[in-house]
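Comments concern the structure below.
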Amino acid sequence: MEHEAHVVAQQILESMHHAGFEESRVSVTFTEQDELNIAHNEPALLRSTEDYNLAISGIVDGRKASTTLSDIDSAAIGAAISSIRDSVSSAPQDEANRFSADQHMTVEQGPLECDRDLLSKKALELLEFRAATTPKVMIEEFAASHRLRRSCELTSRDTTLSSVVGCYSLGGMCIASEGGKTSSLNFTGGNANDLSEKMGSEWFGLGEMLRDTERQIHTRALGPHFTGAVVLAPTAVTDLVSWFLQQLGSRALIAGSSVYRQSVGEAVAAPTLSLQSDFSAAGHTPFSTDGFIAPAITLIDNGILTSLLPDLYSSLKTGSPHTPSASSWRISPGAESRKALIEGVERGALVTRFSMGRPAANGDFSGVIKNSFIIEDGAVGEALSETMVAGNMKQMLRDINGISKEHINYGGEDFPWIRIPNMHFS
Amino acid sequence: MRKMTTAPGCDYVETREHMLTTDRKMMVNGNLTANAETAESGVSARVYHHGYWGFASTPATDSKSRNKVMNKAVDNARVMSQFGDRQALDLGATAYQGDQTPQRKPAMSQKETIDFMQAIDDHCKQRYPGLKSTTVMLQEEHHRKRFATSNAGEGLNTIDRAACYIFMIAEDKNGKPVELAEYVSGKGSFADIDLSIEGLEPRLDSLYDHLRAKCDAIPAKGGEHTIVLSPELAGMLAHEAMGHPCEADLVLSGSATGGLVGEPVASELITMVDFAHHYNGKELMIPVYADDEGSEAIDAVLIENGIMRNFMTSRETAARLGIPSTGNARAYRFNDEPLVRMRNTAILPGTSSLEEMISDVEQGYYLMKTGNGQADSTTEFMFGIDLAYEIKNGKLGRAITDTTVSGTAINMLKTVDAVSNDMSWSCSGYCGKKQPMVVSMGGPAIRAKAHLGGE
């Protein structure tokens with residue numbers, strides 16, 4: 001099948017050349033997925049899906065257009081190429097339109113065959129854990145799945161990036177209820193290459209999520225406004241890192257709205273924080289979305305920003321050095337225990353998730369904290385309801401004053417718990 | 001397709017041939033950063049066998065592929081029997097028959113759409129001093145879903161949705177970026193919504209005025225306040241705060257609405273409906289005549305004069321709850337199984353005018369635009385607020401910085417003391433629930449008490 005992806009990509013590239021494109025880029029991806037679903041605490045559905053994705057881009061005279069299709073039939077591909085030819089003629093000229101050159105890499109990782117018995121075993125393990133440990137929890141939906149992606153990307157400038165990547169995933173969402181009271185929805189999940197290493201409930205904090213959810217049936221509000229600390233669980237750290245990465249990305253750089261556009265080499269976070277790439281995590285490849293090999297990078301090195309993350313187009317537009325990046329990151333664990341982080345909070349909250357709008361362009365945000373617990377005098381207390389936190393993402397990164405040694409690897413994000421003071425609660 | 005819709009020993013079978021085409025373009029400061037079309041199609045089969053589901057799909061629609069996915073779906077359902085014997089539910093004996101064949105204007109050409117984006121960019125540069133950035137984004141998508149079911153359902157479902165988003169960024173006096181967006185959305189393609197400078201100019205002028213006001217914005221005071229929600233936000237409230245908790249799959253999981261049918265959950269001023277395809281004699285933005293299980297789509301009255309009435313259902317969730325199917329089972333791509341999803345969800349208009357609703361407020365906030373919202377099983381909701389003004393002594397005051405409004409809908413809706421007599425619909429963005437989905441939402445302005453994030 002890998003060979004077929006390469007063959008299909010090569011044929012399309014040749015057709016693009018014959019159609020008069022000066023530069024071409026073709027990415028062919030075949031995906032197969034098996035997924036066992038639980039609904040309402042019961043095994044419910046087994047699904048098997050195939051997907052083809054043919055992404056084709058062309059440049060003529062500095063004008064660029066793209067199309068994506070799922071049909072590998074030659075007539076459909078021919079029609080798609082004609083459509084790009086039509087589109088490209090009406091696109092504006094832009095000398096920054098270029099495709100990757102001289103990139104060569106082949107990646108094979110993860111389980112390439114699906115073990116359906118393993119999917120069933122992990123689903124049953126989670127159901128048994130729920131029944132024995134958290135009977136008030138309803139697993140609203142849960143999926144145990146295996147995905148295999150065979151991909152080949154070619155450009156007319158001698159790039160060939162091929163991959164065959166298999167991985168397993170577990171993830172789900174649940175609610176707990178008792179006596180007419182209901183918890184908030186809670187969810188977690190991630191990717192791994194070998195699910196047999198641990199029980200289903202031990203992956204990605206699934207068991208802890210079920211336990212926490214049962215404790216969240218009965219909640220209380222935090223009371224009047226105050227300023228306190230938050231300990232962000234790895235799931236909430238994701239929100240902070242996502243905002244940070246968006247600020248370094250192409251759209252924010254081209255729009256000129258990035259708060260970090262002049263900050264390379266400067267301290268943007270507490271000196272204890274280092275953010276590193278993990279581009280070969282389960283289910284991932286070290287390829288950027290614009291077709292480059294993404295070398296490993298320490299993006300924040302002991303608090304110092306080392307680079308922006310423009311793609312080739314925005315690099316040429318803004319003058320920032322092109323830094324290919326992929327989509328998996330980890331924060332280096334700290335020295336303190338998670339317990340010690342919490343013990344260092346006089347008043348605040350253990351935050352599992354932010355429910356909030358898109359932070360303002362300057363990083364200001366306010367959001368409801370969900371699936372979260374009060375911390376008083378260094379101890380975790382009751383679950384919280386209707387509690388808002390306000391702050392500034394940029395400032396939060398600077399204010400971090402604790403990083404746990406414990407961390408959760410979701411296979412794409414590997415984050416610890418982190419403590420941040422001076423948050424406004426209301 | 002009809003010959004595919006039986007499988008020996010299976011209690012229910014459905015097949016769907018689904019084509020999805022999209023066009024997405026983005027121009028940032030005059031640079032065309034995205035110019036991409038997609039066209040995907042495939043066939044899926046879903047079977048119900050002894051209480052378990054099997055599903056399979058492939059991105060091809062020839063007869064060999066159809067047979068393959070049917071056989072695979074049957075195998076998958078049978079494999080599920082390893083989890084023990086189960087009584088099959090009665091998923092209904094009847095189904096819809098009919099094709100949805102909308103009449104649309106001829107599509108705009110690639111050149112016309114790009115010229116429009118460039119014209120908007122030029123217009124903003126020339127007319128609005130101090131702008132640091134302008135982004136124009138166009139998105140349209142078209143679904144053609146031909147379904148067939150073992151209970152004689154057969155038909156074509158169609159979704160056509162187009163949207164234009166315009167983002168402006170300026171800087172406040174401290175040099176910090178301040179952003180605001182306006183959008184136009186509607187049924188059909190780009191040709192069916194008003195993409196003309198003349199049509200958009202009043203909206204853009206207003207957007208720029210609000211952006212300038214927001215550059216001098218002050219923080220909101222955190223805590224509970226009297227708020228007036230614009231129609232845009234009331235639509236979001238209908239969708240997020242009460243819509244999701246009234247989806248039958250969430251009800252079965254323990255959503256707070258589950259035990260409240262017949263109980264007061266809102267002010268008597270509030271009536272909320274998930275409309276199938278028409279409101280007030282006019283076809284809505286996301287008209288659904290039959291869902292992707294072949295159930296006839298009917299209006300789901302969720303709240304009537306403050307009383308909880310009904311839920312939105314699929315065949316299975318209706319059977320589990322012992323209520324009729326409302327035809328809310330919808331799938332986004334060919335390889336998605338239908339889930340309970342909203343269609344056109346709205347709070348219905350009242351009798352007040354927006355001006356009166358503001359003039360009666362001594363101190364509070366007028367919330368005008370939202371970036372996104374999230375829901376919860378508890379009916380606790382959150383909307384990001386991108387544009388809002390203080391209300392002082394019945395008049396609008398200064399703009400406030402981005403904030404968040406939250407509350408518990410079944411508490412907050414009881415505080416509603418005014419509902420405006422107008423109504424606004426939109427269908428931009430996506431609803432997320434395992435799969436994305438296009439939906440529309442509508443509402444009048446409403447006045448209530450809710451919690452604002454801030455200092």
Side-chain angles (χ1 to χ4, degrees), chain A residues 39-40 43-52 64-71 80 83 86-87 90-92 94 116 120 138 140-141 175-177 180 182-185 225 250-251 254-257 259 313 317 355-358 360-362 364-368 370 385-386 388 390 424 426, chain B residues 28-29 31-33 35-42 52-59 72 76 79-80 82-83 110-111 114 132-133 135 169 176-179 222-223 252-256 259 335 337 371-372 374 376-378 380 382-385 401-404 406 408 434 451 453-455:
Chain A
H40 309 118
L45 165 73
L46 181 60
R47 60 203 299 275
S48 302
T49 60
E50 296 175 340
D51 208 350
Y52 304 159
K64 178 182 156 190
S66 305
T67 195
T68 301
L69 68 161
S70 63
D71 195 340
S83 172
D86 289 343
S87 296
S90 51
D94 191 335
R116 282 187 167 200
S120 299
M138 172 71 83
E140 207 267 334
E141 63 178 44
I175 300 172
S177 52
T182 298
S183 75
S184 287
L185 284 163
H225 303 204
S250 296
R251 183 176 170 194
I254 292 179
S257 61
V259 295
Y313 178 84
K317 281 290 178 188
S355 175
M356 62 184 182
R358 196 161 48 101
N362 64 10
D364 286 345
F365 80 96
S366 60
V368 180
K370 310 288 285 189
S385 65
E386 300 191 48
M388 270 203 191
H424 299 286
S426 61
Chain B
V28 183
N29 293 341
N31 302 297
L32 190 67
T33 58
N35 179 21
E37 296 175 300
T38 69
E40 62 170 44
S41 59
Y52 294 102
W53 291 98
F55 179 90
S57 68
T58 192
K72 187 68 178 174
N76 282 349
V79 165
M80 292 297 284
Q82 68 177 297
F83 293 108
Q110 290 285 323
K111 183 173 187 315
I114 292 170
K132 293 296 176 188
S133 171
T135 296
I169 296 178
K176 289 184 176 176
V178 178
E179 186 176 18
L252 285 163
S253 293
S255 160
N335 56 6
E337 71 278 19
N372 69 333
Q374 291 175 8
D376 202 343
S377 50
T378 57
E380 194 175 21
M382 176 293 306
F383 309 146
I385 302 298
T401 52
D402 288 357
T403 184
T404 301
S406 74
T408 301
K434 191 177 181 186
H451 197 107
E455 293 184 346

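Throughout, protein chains are lettered first and strands after them, A, B, ... in sequence-line order, and every chain is numbered starting at 1.
- The backbone N or O of A:Ser366 sits less than 3.5 Å from a side-chain atom of B:Thr404, completing a donor-acceptor pair.
- Between the side chain of A:Ser70 and the backbone N or O of B:Ser41 there is at least one donor-acceptor pair closer than 3.5 Å.
- Of all heavy-atom pairs spanning B:Leu32 and A:Pro92, the tightest one is CD2-CD, 3.5 Å.
- If you measure heavy-atom distances from B:Lys132 to chain A, the contacts under 4.5 Å come from the backbone alone.
- Both the backbone and the side chain of B:Tyr52 come within contact range of chain A, each with at least one heavy atom under 4.5 Å from a heavy atom of that chain.
- Between A:Ser87 and B:Asn35, the shortest heavy-atom contact is O-ND2, 4.4 Å.
- For chain A, the nearby part of B:Ser255 is the backbone; its heavy atoms alone come within less than 4.5 Å.
- Of the N and O atoms on the side chains of A:Thr68 and B:Thr38, not one donor lies less than 3.5 Å from an acceptor on the other residue.
- With a 4.5 Å cut-off on side-chain heavy atoms, A:Glu50 and B:Ser57 do not count as touching.
- Between the side chain of A:Thr67 and the backbone N or O of B:Glu37, at least one donor-acceptor pair lies under 3.5 Å.
- B:Val79 touches chain A through its side chain: at least one heavy atom from C-beta onward sits under 4.5 Å away, while N, CA, C and O do not.
- The shortest heavy-atom contact between B:Leu252 and A:His40 is CB-NE2, 3.6 Å.
- B:Thr58 touches chain A through backbone and side chain together, each having a heavy atom under 4.5 Å away.
- In this structure, the side chains of B:Asn29 and A:Lys317 stay at 4.5 Å or more apart for every pair of heavy atoms.
- B:Asp402 is not listed as a side-chain neighbour of A:Phe365, based on a closest heavy-atom distance of 4.5 Å or more.
- Of all the heavy atoms in B:Glu380 and A:Ser385, the pair that sits closest is OE2-C, 4.0 Å.
- Between the CG atom of B:Asp376 and the OG1 atom of A:Thr182 there is a distance of 9.5 Å, given to the nearest 0.5 Å.
- Interface summary for chain A: among B:Ser377, B:Ser406, B:Gly384, B:Gly42, the most heavy-atom pairs under 4.5 angstrom belong to B:Ser377.
- Looking at B:Asn31, both its backbone and its side chain come within 4.5 Å of chain A, counting heavy atoms on both sides.
- Ranked by heavy-atom pairs under 4.5 Å with chain A, the first of B:Glu179, B:Glu40, B:Lys111, B:Met382 is B:Met382.
- Judged by distance alone, with hydrogens and angles left aside, the side-chain atoms of A:Ser257 form no donor-acceptor pair with the main-chain N or O of B:Pro177 at under 3.5 Å.
- A 4.5 Å side-chain heavy-atom check between B:Gln374 and A:Met356 finds every atom pair outside the cut-off.
- With a 4.5 Å cut-off on non-hydrogen atoms, B:Ile169 touches chain A through its side chain but not through its backbone.
- Counting only heavy atoms from C-beta outward, the side chains of B:Thr33 and A:Ile254 approach each other to under 4.5 Å.
- Of the two parts of B:Glu337, the backbone and the side chain both hold a non-hydrogen atom closer than 4.5 Å to a non-hydrogen atom of chain A.
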